[in-house]
S.K.: 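Before we start, here is the structure in question, set down as structure tokens.
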Amino acid sequence: MDYLSLIKQPISAELDDFISLFNQSLSHDNGLLAQVLMHIRQRGGKRMRPILILLMAKNFGCVSSVTQHAAVGLELLHTASLVHDDVVDESSERRGQASVNALYDNKVSVLVGDFILSTALLYVSKTHSEVIVRRLSELGRTLSDGEILQLTNIQKEAISETAYYEIIKRKTAALFESCAAIGAESAGASDDDVEAARLFGQNLGIIFQIRDDIFDYYDSKEIGKPTGNDMLEGKLTLPVIYALKSTGNAEMMTLARKVKAREVKQSEINQLVAFTKESGGIEYAEQQMWKFHAACMQFIDEKVGDSTIKAALKAYLDFVIERKS
């Protein structure tokens, strides 16, 4: 099924306007800066987060200039965070293309990330909405908090499903949460509807991250990272956390502690991956995804009236849960 066409159908004109405004925001006359910004623009992506803002705005009213400037501000904030993340993670690729730090260097990456972040603030100020400006500012703080929480969690000996959810709510779900809430807010939705939209976005973001984490247990060129890459970085995700807790396997727990200590070998990661699959870790993570899916469907059934927007949000949800990369 062509989920993306279904998702974009109710907002195709508005999405074109967004892309035009976003590309304009990432343009500059300065030679080096212009080059780097063009490289970032060419990465494009599916624009899933701004699409969510536009769909929510249209569901609760209409897509206005407030919606568009908020969407550009949020996508710029997200883009800046990715540029900075590549420096922190020493990543050489982003969406199948060379990362900014690989093409240029860390100094250029940090400065360009700062430029994009400042541009995000400029665009969100054009909404003239104190609530939206505050939401975007809180999002920036939450994303940084999530990254730092993940670093401190790696250093802790405890292995906890609660800690896993705390991290992904800040690192990934916060973005979807803000998109849904800001979209509703920009259309003048009631406080109750904005809160319902926010929770929908949070549940959607949790599904997105669990699906992403499941990818790490399979080797695929489509996904673009080797099996066990998260473990190589010291991260233990939901499938292996469940497998460890449900079996109490002491040998595997020792390997998991080596993952957190960043002292693990690839052969040991392969053992942990195989153990996770054999112990039902993947099935458990998928069950959890479907629980959050049910909560998202309740929002769509109760809060979405227009049939094309309903179909688009269902397709969005199906795309997130069934995607292959």
S.K.: Give me each pair satisfying salt bridge (charged side-chain N to carboxylate O under 4.0 Å, His left out) with a member in residues 57-74, each pair once, sequence neighbours excluded.
M.R.: Glu14-Lys58
S.K.: CZ of Arg257: more than 12 outside heavy atoms within 6.0 angstrom?
M.R.: yes
S.K.: Please indicate whether Glu322 has more than 12 foreign heavy atoms, meaning atoms of other residues, nucleotides or ligands, lying under 6.0 Å from its CD.
M.R.: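 Counting other residues, nucleotides and ligands, CD of Glu322 exceeds 12 neighbours.
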S.K.: Suppose the criterion is salt bridge (charged side-chain N to carboxylate O under 4.0 Å, His left out): which pairs have a residue in residues 285-313, not counting sequence neighbours?
M.R.: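 Every salt bridge (charged side-chain N to carboxylate O under 4.0 Å, His left out) pair that includes a residue of residues 285-313, provided the two are not neighbours, is Asp193-Lys303.
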S.K.: Taking Asn203 for its side chain and Leu199 for its backbone only, find out whether a donor-acceptor pair lies under 3.5 Å.
M.R.: yes
S.K.: Scan residues 17-42 for pairs that pass salt bridge (charged side-chain N to carboxylate O under 4.0 Å, His left out), counting only residues two or more places apart or in two chains.
M.R.: none
S.K.: Listed by chain and number, what are the side chain to side chain contact (heavy atoms under 4.5 Å, CB included) partners of Ser307, not counting sequence neighbours?
M.R.: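 Partners of Ser307 under the side chain to side chain contact (heavy atoms under 4.5 Å, CB included) test: none.
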S.K.: Who else is in Ile182's hydrophobic cluster (ILVMFWY, side-chain heavy atoms under 4.5 Å, direct or via others)?
M.R.: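 Traced through the cluster, Ile182 reaches Ile53, Val66, Leu74, Leu77, Leu117, Val124, Ile132, Val133, Leu136, Leu139, Leu143, Leu175.
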S.K.: Please identify each residue that fulfils side chain to side chain contact (heavy atoms under 4.5 Å, CB included) with Glu138, with sequence neighbours left out.
M.R.: Arg134
S.K.: Checking the side chain of His69 only, and the main-chain atoms of Ser65 only, is there a donor and an acceptor separated by less than 3.5 Å?
M.R.: yes
S.K.: Give a yes or no answer on whether the side chain of Asp216 reaches the backbone of Asp230 with a donor-acceptor pair at less than 3.5 Å.
M.R.: yes
S.K.: Which residue pairs pass the ring pair (Phe, Tyr, Trp, His ring centres under 6.0 Å) test when at least one of the two sits in residues 295-325, sequence neighbours left out?
M.R.: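 Pairs touching residues 295-325 that pass the test: Phe200-Phe299.
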S.K.: Output yes when a side-chain donor or acceptor of Ser109 lies under 3.5 Å from a complementary backbone atom of Asn101, and no otherwise.
M.R.: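 A pair under 3.5 Å: yes.
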S.K.: According to the salt bridge (charged side-chain N to carboxylate O under 4.0 Å, His left out) rule, which pairs have a member within residues 260-284, sequence neighbours left out?
M.R.: Lys258-Glu268
S.K.: Side chain to side chain contact (heavy atoms under 4.5 Å, CB included) with Ser20: which residues, sequence neighbours excluded?
M.R.: none
S.K.: Applying side chain to side chain contact (heavy atoms under 4.5 Å, CB included), can you list everything that pairs with Thr119, at least two apart in sequence or on another chain?
M.R.: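 Here the qualifying residues are Ser25, Leu76, Phe115, Tyr123.
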S.K.: Salt bridge (charged side-chain N to carboxylate O under 4.0 Å, His left out) with Arg211: which residues, sequence neighbours excluded?
M.R.: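 Arg211: no salt bridge (charged side-chain N to carboxylate O under 4.0 Å, His left out) contacts found.
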S.K.: Checking one residue: Val131. Which other hydrophobic residues are in its cluster under the side-chain 4.5 Å linking rule?
M.R.: none
